[in-house]
Amino acid sequence: MSIISTVLIVVVALEALYIMGMEMFGSEEKLHQTFGLRKEYLKMPEARVAMANQGLYNGFIGIGLLSCRFIFPENAQYMGSMMFVIFVIVAAVYGWLSAKNPKILLAQGTPAILALLALLIFK
């Protein structure tokens, strides 16, 4: 796998882990600023549980990407990386459409799309 693909995969993984940290442990104020969620919503215990669960899945994506690239056997790295990068792209598109916020696609989708292109081009 190329150095370009590896760097972009690591960027996507670190972003997913950052989002995990924000969703699971971020303060109401930081979550409001970062994700644009209403403060009233973030005060609800159910919202915090939902955010933590969502964060857990983002963590799985980040760890999955890093595992695919650095732990999986060489013959599984490419397909595993492709799978997780596509998951991130689908999540970014869904987030953009459901939240009607193009920043989601730009922030989360762009690095993943670049990683996918790098994987396809520099296989």
Side-chain angles (χ1 to χ4, degrees):
M1 203 174 300
S2 77
I3 188 78
I4 295 169
S5 299
T6 298
V7 167
L8 289 168
I9 287 167
V10 169
V11 167
V12 174
L14 292 176
E15 182 180 38
L17 292 171
Y18 171 77
I19 293 170
M20 176 204 71
M22 289 294 299
E23 289 172 339
M24 293 183 81
F25 308 111
S27 67
E28 287 176 16
E29 184 61 35
K30 194 67 174 165
L31 289 168
H32 170 70
Q33 291 171 352
T34 304
F35 300 114
L37 299 170
R38 293 185 338 252
K39 291 182 181 181
E40 302 80 36
Y41 171 74
L42 293 170
K43 290 187 187 311
M44 298 171 56
E46 296 88 353
R48 293 309 304 242
V49 170
M51 292 292 295
N53 277 298
Q54 188 171 311
L56 186 62
Y57 286 100
N58 275 299
F60 291 154
I61 294 288
I63 296 298
L65 277 165
L66 294 174
S67 296
C68 285
R69 180 58 194 101
F70 298 109
I71 298 173
F72 282 20
E74 192 172 334
N75 65 345
Q77 290 178 2
Y78 178 78
M79 289 307 293
S81 297
M82 289 282 287
M83 179 183 70
F84 278 104
V85 166
I86 290 170
F87 287 167
V88 174
I89 293 169
V90 170
V93 169
Y94 182 80
W96 165 51
L97 294 173
S98 63
K100 297 173 182 52
N101 185 348
K103 289 189 332 186
I104 294 171
L105 184 61
L106 183 66
Q108 191 178 15
T110 301
I113 291 167
L114 292 174
L116 178 63
L117 289 172
L119 284 166
L120 291 170
I121 293 168
F122 304 112
K123 185 179 180 183

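Atom-to-atom distance recorded for Ile113:CD1 and Gln108:CD is 10.5 Å, nearest 0.5 angstrom.
Nearest heavy atom pair, residue Ala16 against residue Ile61, reads CB-CG2, 4.3 Å. In terms of heavy atoms, Leu65 sits closest to Ser81 at CD2-O, 4.0 Å. When all heavy atoms of Phe60 and Phe84 are compared, the closest pair comes out as O-CE2, 4.1 Å.
Checking side-chain atoms of Glu28 against main-chain N and O of Lys39 turns up no donor-acceptor pair under 3.5 Å.
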Please test Val11 against Leu114 for side chain to side chain contact (heavy atoms under 4.5 Å, CB included), starting from the C-alpha separation and ending with a verdict. CA-CA 10 Å; Val11 167; Leu114 292 174; over 6 Å; no
As a quick check of understanding, evaluate side chain to side chain contact (heavy atoms under 4.5 Å, CB included) for Glu15 and Asn58, giving each step before the final call. CA-CA 9 Å; Glu15 182 180 38; Asn58 275 299; over 6 Å; no
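The side chain to side chain contact (heavy atoms under 4.5 Å, CB included) check on Leu106 picks up Thr110, with sequence neighbours excluded. For Phe70, the ring-ring contact (aromatic ring centres under 6.0 Å, His included) test picks out no residue, with sequence neighbours left out. Under the rule for a salt bridge (Lys or Arg N to Asp or Glu O under 4.0 Å), Glu46 has no partner lying at least two apart in sequence or in another chain.
Two residues are said to be in side-chain contact when any heavy atoms from C-beta on lie closer than 4.5 Å; Lys43 and Glu40 fail this criterion.
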Can you give me every donor-acceptor pair (side chain of residues 86-103, partner residue at least two apart or in another chain, under 3.5 Å) with its distance?
residue: Ser98; atom: OG; partner: Tyr94; partner atom: O; Å: 2.8
residue: Asn101; atom: OD1; partner: Lys103; partner atom: N; Å: 2.9

Without placing hydrogens or testing angles, list every side-chain donor-acceptor pair under 3.5 Å for residues 3-10, not counting sequence neighbours.
residue: Ser5; atom: OG; partner: Ser2; partner atom: OG; Å: 3.0
residue: Ser5; atom: OG; partner: Ala118; partner atom: O; Å: 3.2
residue: Thr6; atom: OG1; partner: Ser2; partner atom: O; Å: 3.0
residue: Thr6; atom: OG1; partner: Arg69; partner atom: NE; Å: 2.7
residue: Thr6; atom: OG1; partner: Arg69; partner atom: NH2; Å: 3.2

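The hydrophobic clustering, which links ILVMFWY residues whose side-chain heavy atoms are closer than 4.5 Å, places Leu120 and Val12 together. A single hydrophobic cluster is seen to contain both Leu117 and Met1, as judged by linkage of ILVMFWY side chains at heavy-atom distances under 4.5 Å, directly or through other members.
Apart from Leu42 itself, the hydrophobic cluster it occupies contains Tyr18, Ile19, Met22, Leu31, Phe35, Leu37, Tyr41, Met44, Met51, where clustering links Ile, Leu, Val, Met, Phe, Trp and Tyr at side-chain heavy-atom distances under 4.5 Å.
Counting heavy-atom neighbours within 6.0 Å of Tyr78 OH, excluding the residue itself, gives a total above 12. The environment of CD in Glu29 is crowded: more than 12 heavy-atom neighbours from other residues, nucleotides or ligands sit within 6.0 Å.
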